[in-house]
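Working notes, beginning with the structure itself.
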Amino acid sequence: MASTQSTLIATPELSALTNLISTSTSSDPLSASTVQILHNLQHQHLWTSLQVHDLKDSNLRASSLGAGLATMPSEDQTAPRYLISGIPPHRVYTHPDEQLYLLERGLREEDIELERMFVLPTVKNQPWSLRKMASVFDSLPNEADIQAEEASMNDGKEINEGAGGEKGVKLVEYYEYRKKARLTKEWGGKRLLLAMVDRGIGGDGTVVYYIVQEGAVKPRQN
């Protein structure tokens, strides 16, 4: 009689992302998605200076990935409650009028310093409404608040414009004009990246990013 021989199959080790999500103090699916998108931004898209913010906080103070997410209110499990901010390795979007301004002065996007950008974590098929999206934009800091914070950080310090000579002068003019253009929304209003995770049945965890802007957007000319 032929003997049967059993082979033990070792359980595969958990991925770094699975370990990161499983060790989070919150079991809320939206906070798990936030951790997943944060991991994706850092390791796949090479963003730096990443922070998680509390949307319920009018000042958008940064919170830790542990206790900060776990203490979020849960009265509406589908409402956006977290924001991620960070600095991308390159500019994600340039308004057409701003792009024209740069071209006319012989400046390239590589000459401009990178800025902090906000990312809204979402899940595929998550219910949405214009009211919810408007509340997210209302939570973003105003341009005047950003400029005031930058002024306080640079108080008494010499700002390095990244180049000398003629290009340096043009960069100084650009930054001064940008302050005015953003206050008047000449170069568009607030904008963010909407990050959507495919976590449904059969979903593979892919993260897709969409640029979302407040108000009407001027069409880009080809």
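The analysis underlying the following values was restricted to heavy atoms, covering all of them including side chains, and did not include hydrogens, waters or symmetry mates. Fair warning: this is a prediction, and the values are worked out from it, not measured in the lab.
- Taking CG from Leu114 and CZ from Arg91, the interatomic distance works out to 8.0 Å, rounded to the nearest 0.5 Å.
- Leu41 is listed as a side-chain neighbour of Tyr209, based on a closest heavy-atom distance under 4.5 Å.
- The minimum heavy-atom distance between Gly205 and Val197, with the atom names listed, is O-CG1, 4.0 Å.
- For the pair Thr48 and Leu50, the minimum side-chain heavy-atom distance is 4.5 Å or more.
- Closest approach of Leu83 and Val119 over heavy atoms only: CD2-O, 3.4 Å.
- Between Met196 and Leu194 there is a side-chain heavy-atom pair separated by less than 4.5 Å.
- Of the possible polar contacts, none joining the Lys170 side chain to the Gly106 backbone as a donor-acceptor pair under 3.5 Å is found.
- Under a cut-off of 6.0 angstrom, the local environment of CG in Leu103 is crowded, with over 12 non-hydrogen atoms contributed by other residues, nucleotides or ligands.
- Put simply, the side chain of His95 gets close to the backbone of Asp97: a donor and an acceptor are under 3.5 Å apart.
- Counting heavy atoms from C-beta outward, Ser85 and His53 have side chains that approach closer than 4.5 Å.
- Summarising the geometry, atom CZ belonging to Arg105 is positioned 8.5 Å from atom CG belonging to Leu100; distances are rounded to the nearest 0.5 Å.
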Would you check, one step at a time, whether the test side-chain contact (heavy atoms from CB on, under 4.5 Å) holds for Val136 with Asp138?
-> CA-CA 5 Å; Val136 173; Asp138 289 341; over 6 Å; no
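- Gln36 places no side-chain N or O within 3.5 Å of a backbone atom of Ser33 that could act as its donor or acceptor partner.
- Ring geometry, Tyr174 versus Trp187: the interplanar angle falls under 30°, so the pair is classed parallel (tilted spans 30 to 60°).
- Taking NE2 from His39 and OG1 from Thr34, the interatomic distance works out to 14.5 Å, rounded to the nearest 0.5 Å.
- Closest non-hydrogen pair, Tyr82 versus Pro121, comes out as O-CD, 3.2 Å.
- Looking at every heavy atom in both residues, Thr94 comes nearest to Gln99 through CG2-N, 3.8 Å.
- Residues Ile211 and Val207 are members of one and the same hydrophobic cluster, defined by side-chain heavy-atom contacts under 4.5 angstrom among Ile, Leu, Val, Met, Phe, Trp and Tyr.
- No salt bridge links Lys179 with Glu173; every basic N to acidic carboxylate O contact stays at or beyond 4.0 Å.
- Note that CZ of Arg191 is 10.0 Å distant from CG of Leu193, once rounded to the nearest 0.5 Å.
- Both Trp47 and Tyr93 sit in one connected hydrophobic cluster of ILVMFWY residues. Membership requires side-chain heavy atoms under 4.5 Å apart, directly or through other members.
- In this model, a donor atom of one side chain and an acceptor atom of the other lie less than 3.5 Å apart for Glu186 and Tyr177.
- Ile84 and Val92 fall within a single hydrophobic cluster, where Ile, Leu, Val, Met, Phe, Trp and Tyr side chains are chained together by heavy-atom contacts under 4.5 Å.
- Taking NE2 of His43 as the reference point, atom CG of Leu38 lies at 8.0 Å (rounded to 0.5 Å).
- In this structure, Arg116 forms no cation-pi arrangement with Phe118, as its terminal cationic atom is not both closer than 6.0 Å to the ring centre and no more than 45° off the ring axis.
- Taking a cutoff of 4.0 Å between a charged side-chain nitrogen and a carboxylate oxygen, Glu98 and Lys185 do not qualify as a salt bridge.
- Pairing each heavy atom of Leu192 with each of Met117, the nearest pair is C-CE, 4.2 Å.
- Using a 4.5 Å heavy-atom cutoff, the side chains of Leu102 and Arg108 are not in contact.
- Looking only at side-chain heavy atoms (C-beta outward), Ile87 and Glu115 stay at 4.5 Å or farther from each other.
- Looking at heavy atoms from C-beta onward, Leu171 lies in side-chain contact with Leu107 at the 4.5 angstrom threshold.
- Residues Phe137 and Gln213 approach most closely at CZ-C, 3.7 Å, considering heavy atoms.
- Taken together through direct or relayed side-chain contacts under 4.5 Å among Ile, Leu, Val, Met, Phe, Trp and Tyr, Leu46 and Val52 form parts of separate hydrophobic clusters.
- Inter-residue side-chain proximity for Lys167 and Asp111 is flagged as met; some heavy-atom pair is nearer than 4.5 Å.
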